[in-house]
Amino acid sequence: MPPDNRYGRIFLDTNAYIVGAADLNTAEGKILLWLGFEEEREDAAEVVLSQELVKQILRVAKRLRGKDWAGSLISRIWQKFNITYVLVEEDSVLREEVRAFIPREDVDIYLTAKQGRIDCFISSNHELIRSAVVKTKDFQCLTPEEFTRQVLL
């Protein structure tokens, strides 16, 4: 797939990693492949990660397919993707501000995306997408299907 320079830095929510790794034929799987999940791509977009996102991916992956699959998934992400790692500040004033419009369980995820200065947030979490787009307009938010239609087709 040819590179698409509209999205130099993207953020994939936990669900995109889990669904995509479980089935590469899904929209999420096609995005992972576009990013280099099967083979490294030097021209791939940057993928933003944080400790909180990695913990979420591990927790969900272990529950669904076991610790070996979870470890393998995280290993592939680190080895194959063009990663930008973000440290999310614990005592951030911004954290308090976003709690007013981002669901509590998604605050660290949102802050990872914001501090990672992403161009596009990809998630099936419609509540988080709606909150982020309506209130902040910090970045474009797309579902995996929308991203696939706009960028990969």
(message) Using side-chain contact (heavy atoms from CB on, under 4.5 Å), reason through Glu146 and Gln140 one step at a time and then give a plain yes or no.
(response) CA-CA 11 Å; Glu146 291 168 334; Gln140 186 174 15; over 6 Å; no
Minimum-distance pair of heavy atoms, taken over all atoms of [X] and [Y]:
| X | Y | result |
| --- | --- | --- |
| Ala22 | Trp69 | N-CZ2, 3.7 Å |
| Arg41 | Gly36 | CG-CA, 4.2 Å |
| Ala16 | Glu28 | O-CB, 3.4 Å |
| Arg95 | Asp108 | NH1-OD1, 2.6 Å |

(message) Within this structure, what is the CG-CD1 distance for the pair Leu32 and Ile77, rounded to the nearest 0.5 Å?
(response)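 It is 7.5 Å, given to the nearest 0.5 Å.
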(message) If I take atom CD from residue Glu97 and atom CG from residue Leu111, how far apart are they, to the nearest 0.5 angstrom?
(response)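 So the gap between those two atoms works out to 10.0 Å.
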(message) According to side-chain hydrogen bond (donor to acceptor under 3.5 Å, both in side chains), who are the partners of Thr148, at least two apart in sequence or on a separate chain?
(response)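 Residues passing side-chain hydrogen bond (donor to acceptor under 3.5 Å, both in side chains) with Thr148: none at all.
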(request) Could you pull out all residues at least two apart from Glu96 that satisfy side-chain hydrogen bond (donor to acceptor under 3.5 Å, both in side chains)? (result)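 Expected list: Arg99.
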(request) For Ser72 and Asp68, indicate whether the former's side chain and the latter's backbone hold a donor-acceptor pair under 3.5 Å. (result)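 Not a single qualifying donor-acceptor pair exists.
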Considering only distance and modelled atom types, tabulate donor-acceptor pairs under 3.5 Å from the side chains of residues 78-88, sequence neighbours left out.
| residue | atom | partner | partner atom | Å |
| --- | --- | --- | --- | --- |
| Gln79 | NE2 | Ser75 | OG | 3.1 |
| Thr84 | OG1 | Glu46 | OE1 | 2.4 |
| Tyr85 | OH | Gln51 | N | 3.0 |

Would you mind reporting whether [Y] and [X] have side-chain heavy atoms less than 4.5 Å apart?
| X | Y | result |
| --- | --- | --- |
| Leu152 | Leu33 | no |
| Lys55 | Leu58 | no |
| Ile109 | Leu53 | yes |
| Asn15 | Ser123 | yes |
| Ile10 | Leu35 | yes |
| Phe147 | Leu12 | no |

(request) Could you list the residues that satisfy side chain to side chain contact (heavy atoms under 4.5 Å, CB included) with Arg117, not counting sequence neighbours? (result)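 Counting only residues at least two positions away or on another chain, Arg117 forms a side chain to side chain contact (heavy atoms under 4.5 Å, CB included) with Arg9.
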(message) Tell me every residue that passes salt bridge (Lys or Arg N to Asp or Glu O under 4.0 Å) with Arg76, counting only those two or more places apart in sequence or in another chain.
(response)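 Partners of Arg76 under the salt bridge (Lys or Arg N to Asp or Glu O under 4.0 Å) test: Glu38.
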(message) Using the ring pair (Phe, Tyr, Trp, His ring centres under 6.0 Å) criterion, which residues pair with Phe11? Sequence neighbours excluded.
(response)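 Counting only residues at least two positions away or on another chain, Phe11 forms a ring pair (Phe, Tyr, Trp, His ring centres under 6.0 Å) with Phe121.
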(message) With a 4.5 Å cut-off on side-chain heavy-atom distances among I, L, V, M, F, W and Y, is there a chain of contacts connecting Leu49 to Val19?
(response)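 The answer is no; the residues belong to distinct hydrophobic clusters.
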(request) Could you give me the CA-CA distance, side-chain angles and deciding distance for Ile57 and Ile18, then say whether side-chain contact (heavy atoms from CB on, under 4.5 Å) is met? (result) CA-CA 7 Å; Ile57 294 168; Ile18 301 300; 4.2 Å; yes
